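Each residue takes its place number in the sequence, starting with 1. Because the structure is a prediction, the values reported are computed rather than measured.
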Amino acid sequence: MNNLRKIAVASVAAVLAFSMAACGSSNASSDGGNSGSTGKAVKVNEKSAKATSLSDFGTMDDLVKAAEEEGALNVIALPHDWSNYGEVISTFKKKYPKIKITELNPNASSKEELDAAKTNKGTDAAPDVFDVGQSIAATSTDAFAPYKVQAWDKIPDENKDANGAYYADYTGIMSIGWNKDKYGDVKSLNDLLDPKFAGTVALNGKPAEAGAAFNGYLMVNQLAGGDINNLQPGLDFFKKLKDSGNLTTVDVTNGTIDSGQTGVVMDWTYNQASYKKELKSKGVNWEYKTFPKAQVVSYYNQAINKDAPHPAAARLWEEYLYTAEAQNLWFKGGANPVLLDSMKQDGTVDQDTLKDAVTIEGKPVSYSNDDANRITEWLQNNWDKTIGN
């Protein structure tokens, strides 16, 4: 199981980015690191580096040939149990066995992905592609190489940079997960005030410091009657939860979930899906749910490093990620891929996954970078003095 993603933020903008583009798995394999510039100088094919769409290569076969000539692809911050990235990577390897994938630092934050590109610029150790949160994507376009995948027109306009610098790939939905065998059903927020949950209800960190906790707070606030402009109802509920003895502020880890110390956890649906799968093998029935009026979402985004050492392979990777095959693998891992609605319409969505999937219903709760800054500042001023450190 993946460690619950939490990271202290040096700037409020990092919260919106979670600040992880898939931070944190100890079981993701890694064929390389990025602690310093350890690679060799590399000369790239300028035609590939300047390509802004498949037509610049010619055909897909031409792109595959160019990528295979490079023979390598560096990805970063992709733990295998985050949104089913393990299967996404292994399927790419099977399709293109002549391209060796090096997995750099699975625990990197979005900011650290960009730092790795700067540190290793001009070498074969730099990441070719990024998977970053919205805040980092929107403020880092000068680090990206614009490229529009074949599925470009299927990506909603609000989920992509108009020039192709970055584009959404998948989102989770903020949810509540719990040990159903031990606690039965959770039907409403107020159920969490029941004494049976004594000392076990956990946010994923402090909401002013951790992305998942930030979004978990927004879900609770929405359910308690607030919205992104009225944050007090959420704080009032957490105060009641604390006073009831049910709120725990211990760091949530795989071990605390396994042991039952944190029997109720607020996290993204794709992480809950991973917990459910892992706990099932241990005889535990882990359940999770979202709430239609409080479906907090925030997409991660794909981008290509403008100084990618393997520019053709980077573009082939992006083309692959926006096929129905790869989008369905993310879907299988509990995420809502950006092409989900399109795949429903054209019949390419995996029906077995769709049957049991938790999907976005109606208008989800979302927010701008300015909203994130304002909310974070409010939480910094109010959480500790109300809930404690």
* To do: Spell out, as yes or no, whether a donor-acceptor pair under 3.5 Å connects the side chain of Lys160 to the backbone of Ile155.
  => yes
* Asked: Quick one: do the Asn215 and Tyr367 side chains pair a donor with an acceptor below 3.5 Å?
  -> yes
* Asked: Will you find, in the side chains of Asp56 and Thr52, an N or O donor that is under 3.5 Å from an N or O acceptor?
  -> yes
* Asked: Using the benzene-type ring in the case of Trp, are the ring centres of Trp178 and Tyr183 under 6.0 Å apart?
  -> no
* To do: Please report the C-alpha distance between Glu319 and Val149 in whole Å, then the side-chain angles of each, then the deciding distance to 0.1 Å, and finally whether the side-chain contact (heavy atoms from CB on, under 4.5 Å) criterion is met.
  => CA-CA 5 Å; Glu319 292 287 1; Val149 293; 3.7 Å; yes
* Asked: Quick one: does Asn163's side chain have a donor or acceptor within less than 3.5 Å of a partner on Ala165's backbone?
  -> no
* Asked: Between Asp62 and Thr59, is any side-chain donor less than 3.5 angstrom from a side-chain acceptor?
  -> yes
* Hey, is the main chain of Ala313 close enough, under 3.5 Å, to the side chain of Glu70 for a donor-acceptor pair? -> yes
* With the side chain counted from C-beta on, respond yes when Ile387 and Leu235 share a heavy-atom pair under 4.5 Å apart, and no when they do not. => yes
* Would you say Asn305's side chain and Pro127's backbone share a donor-acceptor pair under 3.5 angstrom? -> yes
* Asked: Is the gap between the ring centers of Trp152 and Tyr167 under 6.0 Å?
  -> yes
* To do: Nearest 0.5 Å please: distance from the CE atom of Met174 over to the CE atom of Met219.
  => 6.5 Å
* Are Phe238 and Thr386 close enough that some pair of their side-chain heavy atoms sits under 4.5 Å apart? -> no
* To do: Compare all side-chain heavy atoms of Asn179 with those of Val284 and state whether any distance is below 4.5 angstrom.
  => yes
* For Asn230 and Gly226, indicate whether the former's side chain and the latter's backbone hold a donor-acceptor pair under 3.5 Å. => no
* Asked: Angle class for the Tyr320/Trp317 ring planes (parallel below 30°, perpendicular above 60°, tilted otherwise)?
  -> tilted
* Looking at Asp350 and Lys332, does any basic side-chain N land under 4.0 Å from a carboxylate oxygen? -> no
* May I ask you to decide if Ala51's main-chain N or O and Arg315's side chain share a donor-acceptor pair within less than 3.5 Å? => yes
* To do: For the residue pair Tyr217 and Trp378, categorise the inter-ring angle as parallel (less than 30°), tilted (30 to 60°) or perpendicular (more than 60°).
  => tilted
* To do: Run the salt-bridge test on Asp346 and Lys154 with the 4.0 Å N-O cut-off and return the result as yes or no.
  => yes
* Asked: Is the backbone of Val265 close enough, under 3.5 Å, to the side chain of Tyr288 for a donor and an acceptor to pair up by distance?
  -> no
* Asked: Under a 4.5 Å cut-off applied to non-hydrogen side-chain atoms, are Asn74 and His310 in contact?
  -> yes
* Do the ring planes of Phe144 and Phe130 sit parallel (below 30°), tilted (30 to 60°) or perpendicular (above 60°)? -> tilted
* Main-chain N/O of Gln272 paired to Asp267 side chain as donor or acceptor, under 3.5 Å -> no
* Asked: Would you say Lys276's side chain and Trp286's backbone share a donor-acceptor pair under 3.5 angstrom?
  -> yes
* Give a yes or no on whether a salt bridge exists between Asp371 and Arg374, defined as a side-chain N under 4.0 angstrom from a carboxylate O. => yes
